[in-house]
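First up is the structure itself, then whatever we jot down about it.
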Amino acid sequence: DGGITQSPKYLFRKEGQNVTLSCEQNLNHDAMYWYRQDPGQGLRLIYYSQIVNDFQKGDIAEGYSVSREKKESFPLTVTSAQKNPTAFYLCASSMPGGENIQYFGAGTRLSVL
Amino acid sequence: AQKVTQAQTEISVVEKEDVTLDCVYETRDTTYYLFWYKQPPSGELVFLIRRNSFDEQNEISGRYSWNFQKSTSSFNFTITASQVVDSAVYFCALSETGNTPLVFGKGTRLSVIA
């Protein structure tokens, strides 16, 4: 089935540790996005990529890094510089053609040990 | 800068009641898109509708309807005869045209009580 797969579903980070969240899509979408959701808040943009090997910072990029080496994959690394990483992370992708309907994965819930 | 405001944080209704979720947006763009997404307890966001700024026609899909009014910068969502399965957090969002990031409101948590 076509869709967006995020893994793992739950992730725990120790102090000073970098962790990587996976996002894979088989929808042949050009653009991919990472959003962060905190309780009672809307989604805030971390990074996005409109084509392979190119990405742009969002509103809250500090403490995060990404890569886009393949069209299908857009992993997000939460670095030790991110002092408050506990949140729900959602990956999305959108089809070409300008309609900008974004389809979301099931999310990764990150907690700090 | 773009902004979306969902003033209703939480709403509770009894099953079969109608309920309207409000969304007010701000943008300087003349061309833009508006969206509604549903987030059930599982967490995944489910796309409900997209509207472009040139299309002010109201839309109805089953029990769902949307009222887009550019004059008041609003894009409200009504559920008719609500059901328990409608319980979720609903997000309104805004974007420029093209494959650009969405700007989300903070969401409205709807609880439908049997």
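Residue numbers start from 1 in every chain, and the chains themselves are labelled A, B, ... in the order their sequence lines are given, proteins ahead of strands.
- Among B:Trp36, B:Tyr90, B:Phe77, the one residue that satisfies the ring-ring contact (aromatic ring centres under 6.0 Å, His included) test with B:Tyr64 is B:Phe77.
- Residue A:Leu43 touches chain B through both its backbone and its side chain, counting heavy-atom pairs closer than 4.5 Å.
- Aromatic pair A:Tyr48/A:Phe55: centroids not less than 6.0 angstrom apart.
- You'll find the side chain of A:Leu11 reaches within 4.5 Å of the side chain of A:Leu21, heavy atoms only.
- Looking only at atom types and distance, the side chain of A:Asn100 has a donor-acceptor partner in the side chain of B:Ser95 under 3.5 Å away.
- Just one residue in the list A:Tyr47, A:Trp34, A:Tyr89 forms a side-chain hydrogen bond (donor to acceptor under 3.5 Å, both in side chains) with A:Tyr64, and that residue is A:Tyr89.
- In this structure, A:Asn53 CG and A:Lys70 NZ are separated by 12.5 Å, a value rounded to the nearest 0.5 Å.
- Against chain A, no residue from residues 1-8 of chain B qualifies, as none has a non-hydrogen atom under 4.5 angstrom away.
- Of the atoms belonging to A:Gln102, heavy atoms from both backbone and side chain fall under 4.5 Å from chain B.
- Across A:Gly40, A:Gly107, A:Ala106, the residue that shares the most heavy-atom pairs under 4.5 angstrom with chain B is A:Ala106.
- Applying the side chain to side chain donor-acceptor pair (under 3.5 Å) criterion to B:Asn58, with sequence neighbours excluded, gives no partner residue.
- A:Phe74 and A:Tyr33 have their aromatic ring centers separated by at least 6.0 angstrom.
- When heavy atoms are compared at a cutoff of 4.5 Å, B:Thr100 approaches chain A by way of both its backbone and its side chain.
- For a residue to count as touching a neighbouring chain, one of its non-hydrogen atoms must lie under 4.5 Å from one of that chain's; by this rule A:Gln56 does not touch chain B.
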